[in-house]
2 protein chains.
Amino acid sequence: MLTIKEIAEMAKVSRSTVSRVLNDSGYVSEEARRRVLAVIEETGYMPSQHAKALRTKKTKVIGVILPKISTETSGRVVNGINEVLQDQGYQILLTATNLDYQKEIEYLRLLKSRQVDGIILIATTVNAELVAEIHQLNKPFVAIGQDIPKASSVTFDDYHAAKEMTNYLIRKGYKNIAFIGVDESDPAVGIHRKQGFMSAMQDAKLTIHKEWMGQANFTIPSGFEAMKRIIRNSPENLRPDAVFAVTDRIAVGAMQYLKKAGFTVPQEMAVAGIGAADISKYIDPALTTIDFENERAGREAAVILLEKIESHKEQQKKVVLNYRVIEGDSV
Amino acid sequence: MLTIKEIAEMAKVSRSTVSRVLNDSGYVSEEARRRVLAVIEETGYMPSQHAKALRTKKTKVIGVILPKISTETSGRVVNGINEVLQDQGYQILLTATNLDYQKEIEYLRLLKSRQVDGIILIATTVNAELVAEIHQLNKPFVAIGQDIPKASSVTFDDYHAAKEMTNYLIRKGYKNIAFIGVDESDPAVGIHRKQGFMSAMQDAKLTIHKEWMGQANFTIPSGFEAMKRIIRNSPENLRPDAVFAVTDRIAVGAMQYLKKAGFTVPQEMAVAGIGAADISKYIDPALTTIDFENERAGREAAVILLEKIESHKEQQKKVVLNYRVIEGDSV
DNA sequence: TCTCTATGTGGAATCGATACCACAAGAGTT
DNA sequence: AACTCTTGTGGTATCGATTCCACATAGAGA
């Protein structure tokens, strides 16, 4: 690997001059600049980013912590982040927790020791330990997906989205609506979406049957099983006529069960989800769902982070993104 | 940010001793070790990875170059890579070319200047310039998806997979098989899969009609259009009875068109793909396809890369992964 | 002629780690 | 008593960049 010293010798100037050419700083004669650039061109020299980082405290690297790498949502969000960062010459250092909550904290520390310029956390859970770690991080930070107290975040309007979808079902004439949620350790999906559903039901003075409140865990098979339990637990004369699942994959699983059990969708049972997963467009009938603009969330988070990095402002920014109902044929 | 010097002062030892504790090297008395660990624990000190990298020339970071971040295949491969690397304490520095071939070269150089310990390239294309850059990289390197001359690679057996799928169609009694391929700038998908198809057809002495050879570009809509063209261009008495698409998304698009145009799948027209995309299981009828174990490809590549990093061997390793036909209901 | 300023260049300290080397102290050997 | 050997510690050079400061030169203005 070539170093600045060798370039300096080859161009017959000092290291300082090479550095000045590299960074367009201070005075450099045309003649010296020409010679240095020629040597750089010819040798393909690239300055060591580590030496640079050590001296300047800037790395042009952003740490991203994901729950899981290969999910559709993660992919879209990272894509959005990358779109913005790439243009500004930043790179992404990727870590995945695989839903191990202890690792979120471990990676926050690790990224700090790698001196990343900022950190974006795609959060699935919120707990006191995590919040404490974020506050003592002392580095530009943005969370996506969950609202972290006293930290910048880009979140989705889970409550109103769920409420709107429930109202949509109600407007379409469904009165007996089942619900499939997830564990409350994920506040955005587990609590807010459920509250949106409950609120819409109460506003419409519809009863919420305990037997119709299912729970799943983000996977298609778990949606299948949850739907099965709901059907099994409801007597013939007390069957729901619609089901609202808090994610598309759960909804797809529910639909799979319904088809298998001989229900026609949406005539005998309507199905709605949230998330606008790719798959939802291509199943039959196409799923009625809500699009959350994941890429935009990534872009917004990246923009906020860059602002923080460049301006050193400590102020926290909260962005709540909009949603859009996508009408399929499942309702 | 704390430095080793401050830790040394607080623990009343020299920087050398702190370093020895940190790296478990040389002699350190129990007493000194205890004091140092206590200070580290109490302060939450983490050594600067940049200073360390500058000195030791090891960064524990692997550069990964992807065509696109948010595709299902990329996600799975990166997941596999991460699984292996994470256990060994390595991080992933992610870059995406967004199919700009010039950027593949640019990122190879950039990652080199970031002094990553190794590079994994998920390749979509092979050209002389790229190959030259890889050879002069002089760093542990593994390609996934395409065979790069004189470089290690993990590839899929595209030729035999396509041949096997074609034979499967033939065994099922289909004789008039259409084909939807992609551009040849992607040798694995564009050339090898096509050759597999042609070879199986020739072995079975079946004729390959020009009108039945379509082309698409990896997207669902392009599969839709390609299928439309094939149907439009074939006279009523010369219609294919099956179509083999080189990727699942293309196959899904083709199936969409067929449904819309009133063909029943598979009775009037069978459809087969390659790739075992998630979506293929849930469309109706479920797609008959070939699973390529993308995660395994990522894992294998990571293992080969780590071997290279740790052993300094220059030897190139070529791994060709197996495949598995997944029988759906579309054939 | 003598400052004064603008331009240009190199020397040297610095960032935060590692690692080699010198040296000290105590135990064991001859 | 002189010696090796083991254990333990600190000093210092080093990695490859940036950046401040000192200094040189040349032309402008007094």
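In the text below, chain A, chain B and the rest are named by the order of the sequence lines, each starting its count at 1.
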Next item on the list: Calculate the interatomic distance between A:Y27 atom OH and D:dC20 atom P; express it in whole Å.
Entry: 14 Å

Margin query: Can you tell whether the side chains of A:E300 and A:R296 come within less than 4.0 Å, N to carboxylate O?
Written below: yes

Checklist line | Partners passing salt bridge (charged side-chain N to carboxylate O under 4.0 Å, His left out) against A:E6 (at least two apart in sequence or in another chain) | finding: none

Next item on the list: Identify, with sequence neighbours excluded, every residue that meets side-chain contact (heavy atoms from CB on, under 4.5 Å) alongside B:E307.
Entry: B:V303, B:K317

N/O donor-acceptor pairs under 3.5 Å from side chains in residues 14-24 of chain A, not counting sequence neighbours:
from  : atom 1 : to    : atom 2 : distance (Å)
A:S14 : OG     : A:S16 : N      : 3.3
A:S14 : OG     : A:T17 : N      : 3.4
A:S14 : OG     : A:T17 : OG1    : 3.4
A:T17 : OG1    : A:R20 : NH1    : 3.4
A:S19 : OG     : A:N23 : ND2    : 3.4
A:N23 : ND2    : A:S19 : O      : 2.9
A:D24 : OD1    : A:R33 : NH2    : 3.2

Pairs under 3.5 angstrom only: tabulate donor-acceptor contacts from the side chains of residues 36-47 of chain A to other protein residues two or more places apart or in another chain.
from  : atom 1 : to    : atom 2 : distance (Å)
A:T43 : OG1    : A:V39 : O      : 2.7
A:T43 : OG1    : A:I40 : O      : 3.3
A:T43 : OG1    : A:Y45 : N      : 3.4

Notebook entry, point to check: What parts of residues 2-23 of chain A reach DNA chain C, counting only heavy atoms under 4.0 Å away?
Noted result: A:V13, A:S14, A:S16, A:T17, A:R20

Check: Through what angle, rounded to 10 degrees, does the axis of the helix from C:dT1-D:dA30 to C:dT30-D:dA1 turn between its ends, using five pairs per end?
Finding: 60°

Next item on the list: Nearest whole angstrom, please: distance from the P of D:dT19 to the NZ of A:K57.
Entry: 12 Å

Margin query: Within the supplied structure, the quantity of interest is the number of heavy atoms (other residues, nucleotides, ligands) at a distance under 6.0 Å from B:E31 CD; does it exceed 12?
Written below: yes

Item checked: Segment of DNA chain C, first to last nucleotide, that comes within the 4.0 Å heavy-atom reach of chain A -> C:dT7 to C:dG16

Notebook entry, point to check: Which parts of residues 32-50 of chain A get close to DNA chain C, meaning a heavy atom less than 4.0 angstrom away?
Noted result: A:A32

Check: Of B:G26 and B:Q115, whose closest DNA chain D nucleotide lies nearer the 5' terminus?
Finding: B:G26

Note to self: In this structure, how many angstroms lie between the C1' atom of D:dC15 and the CZ atom of B:R55, rounded?
What the structure shows: 6 Å

Checklist line | Pairs meeting criterion side chain to side chain donor-acceptor pair (under 3.5 Å) with involvement of residues 133-155 of chain B, two or more places apart | finding: B:R109-B:E133, B:Q146-B:D186, B:D147-B:S153, B:D147-B:K318, B:S152-B:K308, B:S152-B:Q316

Next item on the list: Output all residues satisfying salt bridge (charged side-chain N to carboxylate O under 4.0 Å, His left out) with A:E310, sequence neighbours left out; order by chain, then residue number.
Entry: none

Next item on the list: Before accepting this row, confirm whether a basic side-chain N of the pair B:E30/B:R34 lies closer than 4.0 Å to the acidic partner's carboxylate O.
Entry: no

Note to self: Give me each pair satisfying ring-ring contact (aromatic ring centres under 6.0 Å, His included) with a member in residues 74-117 of chain B, each pair once, sequence neighbours excluded.
What the structure shows: none

Check: Between A:E106 and A:K103, is the closest basic N to carboxylate O distance under 4.0 Å?
Finding: no

Item checked: Which residues share a salt bridge (charged side-chain N to carboxylate O under 4.0 Å, His left out) with B:R55, sequence neighbours left out -> none

Item checked: Pair A:R299 + A:E83, salt bridge at N-O below 4.0 Å -> yes

